[in-house]
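Quick notes on the structure that follows.
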Amino acid sequence: PVTRQHSKQAALASPTLDAMAECFHFACTKGADGWSAQPLKIEDNAAAELEGAEAETMMELEKKLLEVVTAAKGPGARVACNQLTPKKALFTAVIGGVVVAAAAGAAAGGGGGGGGGGGGGG
């Protein structure tokens, strides 16, 4: 028999739910004048047809890329920027889909506390 927990996990892994999300991936590179980003030319990248962006700082670049995605698809994107090397990063925006990390975190429960310290000698 399928338990309720297994049913939830199966629903989260469902291809139907995955198909509802649109993912936008941009490769970011730091040059002499700041950061630039170009859409990755990979299969199933919704950003492939979008414009890139340039900015002096990574924070400004993230803001501009979010504006590019919002202008193309509307508000509501969840974003992440992963620094790969000091001069390379991957920016990802996701619209729709399921937030699996939040569901997994809620199901996992809380953590434990820290331990006490030892005593000194004399």
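For the numbers below, each heavy atom of this structure counts, side chains included, while hydrogens, waters and symmetry mates do not. What you see is a predicted model; the values in this text were computed from it and never measured.
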| request: Please check if Leu90 and Val68 belong to a single hydrophobic cluster, counting links between Ile, Leu, Val, Met, Phe, Trp and Tyr side chain heavy atoms closer than 4.5 Å. | output: no
| message | A quick test of your reading: do over 12 heavy atoms of other residues, nucleotides or ligands sit less than 6.0 Å from CD of Glu67? | response | yes
| Could you give the distance from CZ (Phe91) to CE (Met58), rounded to the nearest 0.5 Å? | 9.5 Å
| query | Are the side chain of Lys64 and the backbone of Glu54 linked by a donor-acceptor contact shorter than 3.5 Å? | reply | yes
| said: Tell me whether Ile42 shares a hydrophobic cluster with Leu84, the cluster being built from Ile, Leu, Val, Met, Phe, Trp, Tyr side chains joined at under 4.5 Å. | reply: yes
| Within a radius of less than 6.0 Å around CG of Asn82, do more than 12 heavy atoms belonging to other residues, nucleotides or ligands occur? | yes
| query | Do you know which of Arg78, Glu22, His25 makes side-chain contact (heavy atoms from CB on, under 4.5 Å) with Val94? | reply | Arg78
| task | Look up atom CD in Glu49 and atom NZ in Lys41, then write down how far apart they are to the nearest 0.5 Å. | result | 6.0 Å
| request: Would you give the length of the straight line joining atom CG of Leu40 to atom SG of Cys28, rounded to the nearest 0.5 angstrom? | output: 8.5 Å
| message | Would you say Val79 ends up clustered with Leu61 if hydrophobic residues are merged whenever their side chains have heavy atoms under 4.5 Å apart, either directly or through other cluster members? | response | yes
| note | The reported gap from NZ in Lys88 to NZ in Lys30 (rounded to nearest 0.5 angstrom) is 13.0 Å
| field | Under 3.5 Å: donor-acceptor pair, side chain of Lys73, backbone of Ile95 | value | no
| request: Output the distance between atom CG (Leu65) and atom CD (Gln38), rounded to the nearest 0.5 Å. | output: 9.5 Å
| Tell me, do Leu50 and Phe24 make a side-chain contact under 4.5 Å, heavy atoms counted? | yes
| message | Nearest 0.5 Å, please: how far is CZ in Phe26 from CD in Glu62? | response | 12.5 Å
